[in-house]
Asker: 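Structure below; questions to follow.
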Amino acid sequence: MSEQDRSLRTTTTSAEIEPHVFEGELVEDASGISASRLWRQFVNRWQRSSRVPAALKSRQAAKQAVQDATAFALRAPWRFTTTAGRGLLAAVRGWRRWVRVHDYREAAEHSEKLADKFTEIRALTLFRWKVTVAVTITAAVLVAVADLVYGSAALWITGSCCAVALAFLGRRKDGSPGRKPSLSGPRTLAWTMDPQLLVDAFRDAKLIGKDESLRLVERAAHDGAGWAVTVDLPATRKAADAIKNREALASALAVDEMQLIVERVRGRGGHAGRVFLWIADEDPYSGPPVRFPLLDAKRWDAWRPIPFGQDARNRRIDLQLVWTSLVVGAIPRQGKTFAARLPAAGLILDPYTRLYVFDGKGGKDWEAAGAVAHRFVCGDELEHVETVRDRLVELVAEVQSRFTKMSALDDAVCPESKITPGISRDPELGMPITAVIIDEVQVYLENTTRQDVGGKKTTLGAYITDLLAYLARKGPAVGIVVVLATQRPDSNTIPPRLRAVLGSRFALRVMDWRDSNIVLGEQMNTRGYDASGLLPRHKGVGILRPDSESDTGSEFLAVTVQTYYMDNAEWRSICTRGRALRETAGTLSGHAAGDDSLQTVDQSSVVQALGSDTGATGGWSGRESLELTEPLASVVNYLGGDLDPGVREFVPTAELTETLDAEPSTFAQRMGELGCRPVRHRVQNEDGDTRRVRGYLTAEIRAAVERAANDEISSPDDGDSDPS
Ligand SMILES: Nc1ncnc2c1ncn2[C@@H]1O[C@H](COP(=O)(O)OP(=O)(O)OP(=O)(O)O)[C@@H](O)[C@H]1O
């Protein structure tokens with residue numbers, strides 16, 4: 001058989017056999033394979049199992065685990081203690097929130113119903129305190145009993161259980177590393193429940209130091225439309241500073257400063273460090289205007305304080321007019337005219353009162369007063385300004401004649417050389433309470449028409465200023481009341497010589513603190529009273545500084561007042577009523593009675609009166625025309641004739657600062673800049689004792705004025721610049 005045949009056969013054979021060969025697996029010997037296979041399977045599963053701890057999966061991991069376990073064991077006591085401590089803190093905090101009914105209170109605060117819920121909250125707080133005390137006592141008794149029965153083991157077990165529970169409570173949770181930051185909720189009233197917050201607020205406002213605290217004289221209580229609390233400051237702190245820093249305190253308490261009233265508690269039960277706080281629930285001046293109470297009065301007595309407005313706590317604020325004068329200052333449209341018409345209305349309703357009404361605006365605002373006024377001028381033309389001047393000259397002459405008349409009166413009728421209600425109503429004496437009411441007084445004070453007064457050249461405006469200053473200074477004793485309103489309360493419009501003698505001040509909103517100080521008095525902004533901070537929407541709201549010298553001098557330095565509201569129709573009806581009252585009493589006179597004739601007046605005696613008092617002519621006070629700088633101008637104005645050589649040698653600093661209402665250190669500094677140095681001088685008091693006081697020699701003041709005349713003193717700026 002050939003090679004080819006063999007190959008063909010093989011091919012053929014294999015082709016024949018192939019269909020009978022099946023797929024198969026090569027199987028090793030069974031006994032040798034299974035043990036190693038099982039081990040590998042086990043190792044495989046052990047390594048991959050998530051249930052087997054990593055530390056047991058490799059030798060290296062086990063070593064690391066042992067190291068970690070050792071470290072953990074060493075750190076465990078410390079960690080347990082801190083965790084339990086954290087738990088204790090959390091527990092105390094939780095208990096505090098619970099016992100103070102925090103959740104309920106917050107809900108009430110959010111819905112602004114805290115005031116309504118106050119009693120409920122207080123009752124619940126008390127109840128929870130009782131529960132706390134009961135639980136504490138019970139727990140203590142149980143532990144004591146357990147200790148007696150089972151020995152100290154019971155204490156250890158209880159302590160351990162508590163520690164574990166606290167540790168559990170204080171454990172760190174993912175995403176809560178330590179204290180949770182919280183969004184601040186309304187903190188406005190939180191202090192009412194927690195006095196500590198009040199202490200914090202005083203600290204934040206820098207009214208007390210870090211280590212100082214407050215003493216709560218009375219717990220916070222809801223009073224009217226706000227919360228009231230009385231506190232005692234630490235011994236080194238003054239209530240006046242709290243009043244001064246009202247804004248900072250308002251910020252610390254998270255309220256608008258308009259809502260916060262800070263008052264010093266005076267008189268019985270009060271002292272220099274006792275502060276009364278009242279926080280209004282909402283803007284106290286946002287409500288509707290309050291009706292003027294005298295609208296319903298048939299008549300009024302000018303000697304009685306006249307209702308003027310309400311403070312934030314809705315307390316009525318009255319204005320005493322007899323013995324004093326009033327200036328109202330504000331930017332336009334804030335309620336100046338409306339405010340000035342309130343005292344005018346009170347005076348109109350007294351038929352024994354005589355009125356001089358001058359309206360520099362010339363509108364309808366005062367028109368109705370023409371029916372009742374003894375003298376009435378409405379307009380800003382030169383003829384009007386001249387008429388105002390003539391009427392004031394007439395009145396100055398009358399003041400002189402009243403003094404003469406009063407000096408001749410019997411002691412029984414006139415005991416104190418001051419007008420009395422009896423004198424003012426006696427038709428035979430002819431000395432009724434006489435009010436000079438001038439709206440937009442700047443129209444008259446700023447008139448620059450040249451005027452010759454007693455041979456001295458001056459302006460019409462300056463002359464009117466002198467006349468008004470005389471009336472405001474000398475007039476109150478004989479029943480003259482000056483009420484001025486101006487929309488330009490700057491130092492050029494109301495010169496210091498006039499400003500210094502105006503007793504009561506009312507500042508509605510003004511442009512800045514300087515203007516506010518011009519109306520309210522020097523340094524008033526640094527004492528916490530700044531009318532530039534009043535809001536434009538608060539029409540008729542202003543800061544009232546009543547005359548501290550008047551007999552009814554109030555206990556507060558100044559107060560924010562919302563004036564009563566009297567619309568034009570009501571004002572007209574008051575004027576009509578005033579006229580009817582005068583007709584009945586037979587006191588209708590002058591313009592209202594159709595008599596506008598000018599009285600003949602001895603001009604030279606008027607000039608002389610002004611010269612010896614306000615200094616329009618001659619005398620040392622006449623040096624005001626030099627445009628003296630402050631405070632020299634006010635000093636010269638105040639001392640007047642006392643500055644003449646040989647009259648008065650020395651004037652105490654305290655007298656000047658008190659009279660001029662100046663801050664002593666600033667006053668001394670400015671006087672020093674003007675070359676006046678204080679000296680110590682012996683003065684005799686009323687008891688005849690002598691003592692040494694600081695003050696100024698009038699010769700020094702004269703010298704400073706002389707230097708001003710010689711232009712040795714720089715600027716004539718008499719602005720109320722405030723160092724603050
Ligand atoms: N007590 C008040 N309560 C509410 N609104 C008031 C009060 N007083 C005045 N107003 C309102 O303020 C507005 C301005 O008042 P007023 O005319 O007295 O301002 P003014 O300061 O005299 O303005 P001007 O300088 O232009 O004369 C008035 O229209 C009045 O409605």
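Just so you know, ligand 1 is whichever comes first in the structure, and atom 1 is the first atom listed for that ligand.
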Asker: Can you tell me if CD on Glu247 sees more than 12 non-hydrogen neighbours from other groups inside 6.0 Å?
Answerer: no
Asker: Going by atom types only, do Gln442 and Glu440 share a side-chain donor-acceptor pair under 3.5 Å?
Answerer: yes
Asker: Going by the atom numbers of ligand 1, which of them fall below 4.0 Å from some non-hydrogen atom of Gln487?
Answerer: 25 (O)
Asker: Judged on heavy-atom distance to atom 5 (N) of ligand 1, which of Arg537, Lys539, Gln310 sits nearest?
Answerer: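 Shortest heavy-atom distance from atom 5 (N) of ligand 1: Lys539.
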Asker: For atom 19 (O) of ligand 1, what's the nearest protein heavy atom and its distance?
Answerer: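 Looking only at protein heavy atoms, the one closest to atom 19 (O) of ligand 1 is Gly335 N, 3.1 Å.
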Asker: Output all residues satisfying side chain to side chain contact (heavy atoms under 4.5 Å, CB included) with Ala592, sequence neighbours left out; order by chain, then residue number.
Answerer: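 Side chain to side chain contact (heavy atoms under 4.5 Å, CB included) list for Ala592, sorted by chain: Arg579, Leu588.
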Asker: How close does the nearest protein non-hydrogen atom get to atom 31 (O) of ligand 1, and which residue and atom is it?
Answerer: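 Residue, atom and distance for the closest contact: Tyr565 OH, 3.6 Å.
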Asker: Less than 4.5 Å apart, side chain to side chain, heavy atoms only: is that true for Phe358 and His384?
Answerer: no
Asker: For Lys361, take its heavy atoms, then give the atoms of ligand 1 lying under 4.0 Å from any of them.
Answerer: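 Per the distance check, 22 (O), 24 (P), 27 (O).
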Asker: In ligand 1, which numbered atoms sit nearer than 4.0 Å to a non-hydrogen atom of Gln334?
Answerer: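 Answer for ligand 1: 19 (O), 21 (O).
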Asker: For ligand 1, find out whether one of its N or O atoms is nearer than 3.5 Å to an N or O atom of Phe338.
Answerer: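 Between Phe338 and ligand 1, an N or O pair is found under 3.5 Å apart.
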Asker: I'd like to know whether ligand 1 has Glu440 as a neighbour, heavy-atom separation below 4.0 Å.
Answerer: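 Yes.
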Asker: How close does the nearest protein non-hydrogen atom get to atom 3 (N) of ligand 1, and which residue and atom is it?
Answerer: Pro289 CB, 3.5 Å
Asker: What closest approach, in Å, do Ile348 and Ile574 show between heavy atoms, and which atom pair accounts for it?
Answerer: CG2-O, 3.6 Å
Asker: Is Arg246 paired with Asp530 through a side-chain N to carboxylate O contact shorter than 4.0 Å?
Answerer: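 Looking at Arg246 together with Asp530, the answer is no, because their closest N to O distance does not fall below 4.0 Å.
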Asker: So does Asp223 get a backbone contact from the side chain of Trp278, meaning a donor-acceptor N/O pair under 3.5 Å?
Answerer: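 Present.
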Asker: Among all protein non-hydrogen atoms, which one is nearest to atom 13 (C) of ligand 1, and what is the separation to 0.1 Å?
Answerer: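 It is Arg333 NH2, 3.9 Å.
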